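Structure first, commentary second.
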Amino acid sequence: MLTKKQVEEILQTIGEMFPEAECELTHTNPFELLIAVVLSAQCTDALVNKVTPSLFAKYKEPEDYLAVEQEELEQDIRSIGLYRNKAKNIKKLSRSLVEEYNGEVPESRDELMKLAGVGRKTANVVSSVAFDFPAIAVDTHVERVSKRLGICRWKDNVTQVEETLMKKIPQDQWSVTHHRLIFFGRYHCKAQSPKCDVCPLLDLCREGKKRMKKKEGTA
DNA sequence: AACTCGGGGCA
DNA sequence: TGCCCAGAGTT
């Protein structure tokens with residue numbers, strides 16, 4: 001596992017690689033943020049942002065989602081993929097908010113995770129971004145990159161990855177770190193074909209050095 | 001633990 | 001043109 005100082009250096013380097021890394025989710029209130037994050041499962045924020053302007057113009061409150069047929073909602077979010085599941089979850093989630101939470105978005109992760117379509121990652125994003133709850137959202141990119149670089153352990157489960165990241169990164173950098181690691185994971189340290197041969201972090205990266213060595217052997 | 005949903009992005 | 005996904009639910 002890397003030290004705090006090493007992690008700091010790595011994050012700074014990644015920040016220089018992707019200066020454009022910043023939160024792409026646009027939201028004006030907790031409910032819109034919740035919907036946007038639910039929609040973003042298995043697709044990019046950029047793609048979600050193509051539908052949210054018209055979506056949020058049409059649907060302001062949970063009641064608005066309950067007022068239309070599910071087929072209509074499906075068409076409104078069709079271009080993002082997985083739209084049937086997501087439309088069904090949003091209808092169900094809106095009903096829960098109206099009936100059980102007085103129309104308000106709950107603030108705690110545990111309550112958020114009871115909602116349809118809201119898992120651990122979505123709950124962490126909403127509670128931390130909308131309600132300043134101390135949490136780091138760990139998605140597949142963040143987890144993979146953290147493990148490859150040695151920021152956390154290989155055997156760590158998601159909870160342990162979260163804890164390690166929160167321990168090694170100053171709280172005021174959690175949000176930007178999340179997005180830096182996502183950019184790094186998506187465009188550089190990719191799941192299938194990481195660009196180890198042109199990676200400025202290779203000297204620090206156990207996994208990268210292992211991969212380069214293996215590559216030499218097979219070449 | 002493996003499977004499903006799905007249009008868009010990228011090789 | 002065919003792969004692969006910024007997750008969550010179900011079995």
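In this text, all values refer to a predicted model and were calculated from it rather than measured experimentally. Naming: A, B, ... by sequence-line order, numbering from 1 per chain.
- For the atom pair A:K4 NZ and A:K168 NZ, the distance stands at 10.0 Å (nearest 0.5 Å).
- Distance CG (A:L39) to P (B:dG8): 14 Å, rounded to an integer number of Å.
- Residue contacts for A:I77: at a heavy-atom cut-off of 4.0 Å it reaches no nucleic acid atom on any strand shown.
- Across residues 140-165 of chain A, A:T140, A:H141 each have a non-hydrogen atom less than 4.0 Å from an atom of DNA chain C (numbered order).
- The shortest distance between the side-chain N/O atoms of A:T122 and the OP1/OP2 oxygens of C:dA8 is below 4.0 Å.
- Checking A:E71 against A:Q75 by side-chain atom types alone, no donor-acceptor pair falls below 3.5 Å.
- Defined by atom type and a distance below 3.5 Å, a donor-acceptor pair is missing between the side-chain atoms of A:D76 and A:Y83.
- Between the C1' atom of C:dG7 and the CZ atom of A:R109 lies a distance of 18 Å, rounded to the nearest Å.
- A:I182 comes within 4.0 angstrom of a nucleotide base, judged by non-hydrogen atoms across all strands.
- If you check every strand for non-hydrogen atoms under 4.0 Å, A:D139 touches sugar and phosphate atoms only.
- When the side-chain contact (heavy atoms from CB on, under 4.5 Å) test is applied to A:Y101, the partners found at least two apart in sequence or on another chain are A:L97, A:P106, A:E111, A:K114, A:L115.
- If you check the side chains of A:T28 and A:E32, you find a donor sitting under 3.5 Å from an acceptor.
- Distance check on atom C1': B:dG7 versus C:dT10 gives 22 Å, rounded to whole Å.
- Computed from coordinates, the A:D45 CG to C:dA6 P distance equals 12 Å when rounded to whole Å.
- Neither OP1 nor OP2 of C:dG7 sits under 4.0 Å from any side-chain N or O of A:R120.
- Relative ring orientation between A:H188 and A:F184 is described as parallel, the plane-to-plane angle staying below 30° on a 0-90° scale split at 30° and 60°.
- With A:E143 as reference, A:V158 is the one residue of A:L165, A:L181, A:V158 to meet the side chain to side chain contact (heavy atoms under 4.5 Å, CB included) rule.
- Taking the six-membered ring for Trp and thresholds of 30 and 60 degrees, A:Y65 and A:F31 have ring planes more than 60 degrees apart, a perpendicular arrangement.
- B:dC3 and C:dC4: their P atoms are spaced 14 Å apart (whole Å).
- Within 4.0 Å of A:V38, counting heavy atoms only, lies no atom of the nucleic acid at all.
- For the OP1/OP2 pair of B:dC5 and a distance below 4.0 Å, the side-chain nitrogens and oxygens of A:Y83 include no atom meeting the criterion.
- Nucleotides B:dG8 and C:dG9 have their C1' atoms positioned 23 Å apart, rounded to a whole Å.
- A heavy-atom distance below 4.0 Å to DNA chain C is reached by these residues of residues 184-193 of chain A, ordered by number: A:R186, A:A191, A:Q192.
- The 5' end of DNA chain B is approached more closely, in terms of each residue's nearest nucleotide, by A:I80 than by the other of A:K50 and A:I80.
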